[in-house]
Number of protein chains: 2
Amino acid sequence: MRTFVTVVDTGQFQHAAADLSITQQAVSKRIAGLEKDLAVRLFTRTARGARLTIDGQAFLPHARELLRVAERAVASVLPGSRPLRVDVIASRSAASGLMRGFHRTHPEIELDVVMLFDVETAVAAIRSGAIDASFRAVAVPGRPLPEDIESVRVLAEPLQLLTGPAHALAGARSVTVAQLAGHRIWMPGIVPGTEWAAYYDDLVAEFGLTIEATGPNFGSDALLDTIADTPALATFMGEQTRLVWPAGHGLRRIPVTDPTPVYPHSLLWHRDNPHPGLATLRAHLAATATSHDAAGTWAPGWVIPR
Amino acid sequence: MRTFVTVVDTGQFQHAAADLSITQQAVSKRIAGLEKDLAVRLFTRTARGARLTIDGQAFLPHARELLRVAERAVASVLPGSRPLRVDVIASRSAASGLMRGFHRTHPEIELDVVMLFDVETAVAAIRSGAIDASFRAVAVPGRPLPEDIESVRVLAEPLQLLTGPAHALAGARSVTVAQLAGHRIWMPGIVPGTEWAAYYDDLVAEFGLTIEATGPNFGSDALLDTIADTPALATFMGEQTRLVWPAGHGLRRIPVTDPTPVYPHSLLWHRDNPHPGLATLRAHLAATATSHDAAGTWAPGWVIPR
DNA sequence: CTTAGTACACAACTCACGGTTGTGTGATTT
DNA sequence: AAATCACACAACCGTGAGTTGTGTACTAAG
């Protein structure tokens, strides 16, 4: 691909060969091989160079794009000035939404999003420089953050109940936490030891809910499928989670009140991290922070205060 | 890259090897080679498979993107169901703008844009199936379109005068064609034999203008540069052409009247072309057609009637 | 604790492929 | 007609990507 683009840019095989520090014959072979693989002629050879065929013209932007993507791929793991690397708790969490918003307003900042196992892994990764920031519900009980890790609350996301059309609460405009007692709430994929597990443990302990975390996570499609079809099951979902599910299938989102459980998202980063994108991210989050940390909400006692 | 993604998707080297029809050792070597080239560890090898490292997680989306782009690149020259291939007269012509608009409203339709030499080449390419459609100012004098080529007028773009700040007409809010007589108008890059050349030849013959088409085209940057700095020179530019030049540098766009020369763009395609995107494109153009073919405009007599 | 099984790495080998040098052909220029 | 230019073809060769064979570390079962 690089040879193809170089030939296009220089206009002739010989010049491209010089640019690539190989012989003209090697360029000829590479182009011939590419043409053979694609089963089309990319250049018309003339007596003073090579001109693109129509197929070649159509192919060219894709070739350039491929080189760009390859370069970005290498840059994504290049120590030094690599893209801002941010850990989110799940791909359909509010943190992901925040990062999408950040990317929309700052498309010039290269971004890589990863998903680590738990806070401790995230903190270790931040300290080692493997990631630049992490969205977490710091901190798990009894584990204060190290001194070199800074954090700030960025979002408190209300939880909503998600039910199928045949669920007993499907018709309710809102439900209280007390009403949920006795109903089966299913949260597959909650891994013991993570802050999600700690969060729901606290929720269960405080309000006597029945939360089943059993079973492996077969993905959100399977979860929604089961919820839609099983009258006795419901699940929690962040208010800002956008369901990929088309509005059909009869799924209902029902606000929870008295109090509204909110999931607190904080941004963590290393005190000394010099990445320029990190400062931009923090500024962006500070500017767009929605502070509906109103009364009538509940969060575990161990979340860090604002 | 494909091996890397396959290992991620299958979770282990052996399974990936089976998928790729190579041995486990070959997969091991490929991954080791990739890790060596990138100088990072992509997987942590465990006793029951391979898990991504943080670097691997950051690298993964880029790898997937690379494969997607590679696939699109191949598809762009694949006979059969390849992307809609459209020829435009120049990258900064109104036709390019129309295609950008089409892509914006129909992003699902794969598109490749090429630029051919002249109408005859375009017509030949349409008949051979090398391209699916072409934006042209059909037809050059004395050359009627073949019967199997259909065409429809899609846009009549008014020409404007572009001058530097020191030009004699720089202060005018509009100029008449008669006023342009005696001024030097510079249009580099107009290749003899093309419909652009025929258009400007007619314009010169009818109104006695002085148009210099000499000199090779050094790109629009060089053109704008010269226009901005040379008080005695002006050039024509389509009304819809977006200048990449920042508003600075004192360039002036001046409407031309009595009459307003318009450049007529038509879409050409083959009667029997079954490409689904072509029908969509025609429908889109019909829906968004702007018909300011009002009185007071001029176009060469040989352009096809509406 | 032993044994079997799983999963990846290392070593030795081999052949195909990508590069080189050398030469040929057709077009353009002088 | 000669010289130059640009690319293709042919022969050769070494690297490297694949193979087979084996080793090691970990897990699971008896």
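Here is how names work: the chains are called A, B, and so on, in the same order as the sequence lines, proteins then strands, and each is numbered from 1.
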Side-chain N,O ([X]) to OP1/OP2 ([N]) below 4.0 Å:
X	N	answer
Ser28(B)	dA9(C)	yes
Thr23(A)	dG19(C)	no
Arg45(B)	dA9(C)	yes

Students often mix this up, so state it plainly: with edges at 30° and 60°, are the rings of Phe4(B) and Phe43(B) parallel, tilted or perpendicular?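 Tilted.
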
Pairing of Arg45(A) and Glu35(A) as salt bridge, 4.0 angstrom limit: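 A salt bridge is present here (some side-chain N lies under 4.0 Å from a carboxylate O).
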
In whole angstroms, how far is the [atom2] atom of [N] from the [atom1] atom of [X]?
X	N	atom1	atom2	answer
Arg48(B)	dA25(D)	CZ	P	19 Å
Ile22(A)	dG18(C)	CD1	C1'	10 Å
Leu34(A)	dC17(C)	CG	P	16 Å
Gln12(A)	dT4(D)	CD	P	17 Å
Ile31(B)	dC10(C)	CD1	P	14 Å
Arg2(A)	dG18(C)	CZ	C1'	17 Å
His15(A)	dC5(D)	NE2	C1'	14 Å
Phe43(A)	dA6(D)	CZ	C1'	14 Å

Test for a donor-acceptor pair under 3.5 Å between the base of dA9(C) and the side chain of Gln24(B), counting only N and O atoms.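 It does, because a donor-acceptor pair links the side chain of Gln24(B) to the base of dA9(C) below 3.5 Å.
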
Under 3.5 Å, is there an N or O donor on one side and an acceptor on the other linking the side chain of Gln25(A) and the base of dG19(C)?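 Donor-acceptor pair under 3.5 Å: no.
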
Do Thr121(A) and Asp118(A) have side-chain N/O donor and acceptor atoms under 3.5 Å apart?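 Note: Thr121(A) and Asp118(A) side chains meet the donor-acceptor criterion.
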
Do Asp112(A) and His62(B) pair up side chain to side chain, a donor and an acceptor below 3.5 Å, judged on atom types alone?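 Per modelled atom types, Asp112(A) and His62(B) side chains form a pair under 3.5 Å.
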
Applying a 4.0 Å non-hydrogen cut-off, can you work out what Ala32(B) is touching in the nucleic acid: base, sugar-phosphate, or nothing?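 Touches nothing.
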
With sugar-phosphate meaning primed atoms plus P, OP1 and OP2, does Gly49(B) contact a base, only sugar-phosphate, or nothing at under 4.0 Å between heavy atoms?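 Sugar-phosphate, no base atom in range.
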
For Val7(A), does its backbone N or O pair with a side-chain atom of Gln12(A) as donor and acceptor, under 3.5 Å?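 Checking the backbone N and O of Val7(A) against the side chain of Gln12(A), no donor-acceptor pair under 3.5 Å is found.
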
Which comes earlier along DNA chain C counting from the 5' end, the contact point of Thr46(A) or that of Arg30(A), where each point is its nearest nucleotide?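 Of the two residues, Arg30(A) wins.
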
Start at the 5' end of DNA chain D and walk down; is the nucleotide closest to Gln14(A) or to Lys29(B) reached first?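 Nearest nucleotide further toward 5': that of Gln14(A).
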
